[in-house]
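Worksheet for the structure shown next.
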Amino acid sequence: MSRIEPRTFRGTRDFLPSELIPRRRIVRVIEEAYRRYGFQPLETPAIEYLDILTGKSEENDKLIYEIRRARGDAEETAESAIALRYDLTVPLARVVAQYAELPRPFKRYQIQPVWRADRPQPRQGRYREFVQCDADILGTDSPLADAEILALTNEVLTALGFQNFRIRLSSRKFLAGLSELVTSDESHFFDFCRCLDKLDKIGWDGVENEFSQNNIPAQTARSLVAELMNVGGTKPDFEAARKLVDTNEAALNGISEIEIVFRAALELGVSEGNLVFDATLARGLDYYTGPIFETVLPDLPHLGSLTGGGRYDGLVATFSKHSVSATGTTIGLDRIQTALTQLKQFHREPSETQVLIARFDDAGVSTNLELAAELRRTGLRVEIWYDNDRMKKQFSYADQQKIPYVVVCGPDERARGEVSLKNLQTQQQVTIPRSELASTLSKNLA
RNA sequence: GUGGUUGUAGCUCAGUUGGUUAGAGCAUUGGAUUGUGGUUCCAAGGGUCGGGGGUUCGAAUCCCCUCAGCCACCCCA
C-alpha cells in the first residue's frame, strides 16, 4: 500500500494552534473596531457563478480560480460555470443588488477567505488563499463615509501595534484629470496610472522611462506629477494643487474630494502624519470611481499594501438597474500577520489553557474531575491529565504549553481538604483550602 | 504568466577529486530522578538523500527531465 504524501496545495497553509491563537486575536481587534463603527456582519459563499465574479474585473480574470469537476453533470454548463471568489467586494455588490430589503446606508463587514491563482510569495505576504477583512458603506455619496473608512483603518492599525504606517489617499477623478492634462488620448489612462504607481519602486527616472515606453509625454507628465507630489504629503497644500491642474474640471473635482475626505479624517481622529495625499497612488484599475486609498509600512517596503479600498459607485449597477453609491476598504489579515512577524511583534502561543489539574493517583480522579468542573464554571480554561504519568511529565507538558498554573491534589492534600497550586512562571507553590482554589485562580489570572 | 535560485532526519544544516553501513545540533521518546517543569548527563527511535531516467565497477555527489519550496518582476491583500 503506497502512502499518500501529506502536503498542502501551493499558496495555502495550515494554521497550527501556536500561530492561530495570536492570529485570532488580530481578527478580534479588527472585528471589534468594525462593530464600534456600526458595521453589521455578512457572509457569502466561497463559490459563486463565474459571470458574477468576472462581471467587472476582466483584468483579473486569469487570477480567478475556476472550479472544474472531474465528471460533467447537468450543472456543468457554460451558464453555470463556477469559481472561488476573488474578493469580497463583488459578492457584496451582488448581495446589495439581490436583497431590496437591506437598509440604507448599508454598512457591513465581512471576514472571509478569498482565492487568487497567482504565484505565492510569503515575504511579500502573498498567498493563493488569504483572508480579507472588509468594511463597506453603501447608499451614500457623502465623503464622510470615505473619511470614516480611513479613520477605521487608522484605528485598527494603531490598535494592532503599528507605530509607523501611511494611509495614502488620492482620487480616481483626480487621476483622470491628470491623465487628460498630460495626454489627450483617453486610452492612456490605465497606462498612466500604472506608470505612476511604480514611483516608489523604480524612482523618477524609471517612471519617466515608463511614460515614454507607453507613448505618454514623459517630461510633461513627470514635471506635473513631481510638482503635485511637492504640494501633497502629510500637510497638503490643496490650493497649490489646484493651481497646478489649471482649469481641468476632473482634476479640480478630484482635489476637492480629496481635501474634504482628508480634513474629515483628521477630525475623526486620524493622526496627522499617518495620512498622506499622494498623487502617485493608482490602485485597482477597474471599479473605483472616487477617492482611493491604501496603507503601506515605510519600514517594510517590499511588503505590499496592508489595506486598500476606495469608492466604487458603479459596481452595484452591474447587478441591478438601480445604482448604489459605495465606499469601503479591505484589511489584509495575512499581510498584517506577515508584517507583525517581520517586525518581530507576532508572538506564538502554544495554548490558551490557564490551569492543568495534575493526576497524582487513581484515588484522586474524582476530586480532579470535581475541581475541573468547578473551575470551568467560573470561566477558567482548564485541562485535566488523563493518564497515570509521573509528575515530571505532567509539569513538563504544562511548561511547554506555557500553561501558567498546575494544581496537584495528592493524598496529603486530600486528607486536609487542600490543594497545591503552583505558578510555573514564579515557581511559587502554595497549599490552600480547596474551597479557595477558584477564587485564588480567578484573582491571579485577572 | 516571465526570470532566477534551492531541494539530505520533524526543524536548521554538514557530507572531501564520485568510494564501505549517509552524519551533527535542535526537537521527540525513555532513563539518571516513583510528589513537581526549564539546566545537565546517558541512551534510543527517526532518512524513498524531492521524484524519474541516464553515465559509471560504484552516485547524496556528474548529466537530462520533472515536481516542490524560495526570491524578483507582473499584479495585488
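Convention: sequence-line order gives letters A, B, ...; per-chain numbering from 1. What you are looking at is a predicted structure, and each value in this text was computed from that prediction instead of being measured.
Side-chain N/O atoms of Lys393(A) include one lying less than 4.0 angstrom from OP1 or OP2 on G30(B). Between Arg194(A) and the phosphate of C75(B), there is a side-chain N or O to OP1/OP2 separation shorter than 4.0 Å. Between Lys201(A) and C73(B), a side-chain N or O to OP1/OP2 separation shorter than 4.0 Å is present. Dashed line: the shortest gap from a side-chain N or O of Gln124(A) to OP1 or OP2 of C73(B) is under 4.0 Å. The phosphate of G3(B) (OP1 or OP2) has no side-chain N or O of Arg119(A) nearer than 4.0 angstrom. Look at Lys392(A) and you won't find any side-chain N or O under 4.0 angstrom from OP1 or OP2 of G31(B).
Summarising the base pairing, G3(B) is matched to C71(B) through a Watson-Crick or G-U wobble pair whose two defining distances lie under 3.5 Å.
The gap from the C1' atom of C41(B) to that of U6(B) amounts to 38 Å, rounded to the nearest Å. Distance check on atom C1': U33(B) versus U40(B) gives 12 Å, rounded to whole Å. Across C49(B) and G38(B), the matching P atoms stand 37 Å from one another, rounded to whole Å. Look at the P atom in both U2(B) and U48(B): the space between them is 34 Å, to the nearest Å. With C1' as the reference atom, C13(B) and U29(B) are 23 Å apart, rounded to whole Å. Rounded to a whole angstrom, the distance from the P atom of U8(B) to that of G45(B) is 23 Å. Taking the P atoms as reference points, G54(B) lies 50 Å from U39(B), given to the whole Å. The gap from the C1' atom of G30(B) to that of C63(B) amounts to 47 Å, rounded to the nearest Å.
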Passes side chain to side chain donor-acceptor pair (under 3.5 Å), Ser420(A) versus Thr431(A)? Steps please. CA-CA 4 Å; Ser420(A) 290; Thr431(A) 300; 3.1 Å; yes
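For the pair Gln428(A) CD and G37(B) P, the interatomic distance rounds to 16 Å; values are reported in whole Å. With rounding to whole Å, Leu196(A) atom CG is found 13 Å from C75(B) atom P. One atom, CD of Gln400(A), and another, C1' of G38(B), lie 9 Å apart when rounded to the nearest Å. Rounded to a whole Å, the CD atom of Gln112(A) is 17 Å from the P atom of A77(B). For Asp389(A) and U29(B), the CG to P distance is 11 Å, given to the nearest whole Å. Atoms CZ (Arg123(A)) and P (C73(B)) sit 9 Å apart, rounded to a whole Å. Rounding to whole angstrom units, CG of residue Asp197(A) and P of C75(B) are separated by 8 Å. What separates CD of Glu129(A) from C1' of C76(B) is a distance of 17 Å, to the nearest Å.
Across all strands shown, Glu413(A) has heavy atoms under 4.0 Å from base atoms, whether or not it also approaches the sugar-phosphate. As judged by a 4.0 angstrom heavy-atom cut-off over every strand, Lys198(A) is placed among residues touching the sugar-phosphate backbone only.
Side chain Gln401(A) to base G37(B): no donor-acceptor pair is found below 3.5 Å. Within 3.5 Å, no donor on the side chain of Gln394(A) pairs with an acceptor on the base of U36(B), nor the reverse. For a distance-only test at 3.5 Å, the side chain of Gln121(A) fails to qualify as a donor-acceptor partner of the base of G69(B). Contact annotation: side chain of Arg10(A) to base of C67(B), donor-acceptor pair absent below 3.5 Å. Under 3.5 Å, the side chain of Arg126(A) and the base of C75(B) form at least one donor-acceptor pair of N or O atoms. Remark: the Arg390(A) side chain and the G30(B) base include no donor-acceptor N/O pair separated by less than 3.5 Å.
In this structure, CG on Asp134(A) lies 7.5 Å from CG on Asp87(A), to the nearest 0.5 angstrom.
A salt bridge between Glu352(A) and Arg24(A) is absent, with no side-chain N of the basic residue lying under 4.0 Å from a carboxylate O of the acidic one. Salt bridge status for Arg222(A) with Asp205(A): present, with a side-chain N to carboxylate O gap under 4.0 Å. Salt bridge annotation for Glu210(A)-Lys201(A): absent, with no cationic side-chain nitrogen under 4.0 angstrom from a carboxylate oxygen. We find that Asp334(A) and Arg23(A) are joined by a salt bridge, their nearest charged nitrogen and carboxylate oxygen being less than 4.0 Å apart. A salt bridge links Arg414(A) with Asp361(A); the closest basic N to acidic carboxylate O contact falls under 4.0 Å.
The side chain of Asp399(A) lies closest to G38(B), out of G38(B), C74(B), U36(B). Counting only heavy atoms from C-beta on, Ser396(A) has its side chain closest to G37(B) among G37(B), C75(B), G35(B). Of the candidates A77(B), C70(B), G35(B), the closest approach to any side-chain atom of Met391(A) belongs to G35(B). Of the candidate nucleotides A72(B), C71(B), C76(B), C76(B) has the atom lying nearest to any side-chain atom of Arg335(A).
The aromatic ring of Phe130(A) sits over the base of A77(B), with ring centres less than 5.5 Å apart and planes inclined by under 30°.
Ring geometry for Tyr34(A) against Phe39(A) counts as tilted: the plane angle lies between 30° and 60°, on a 0 to 90° scale.
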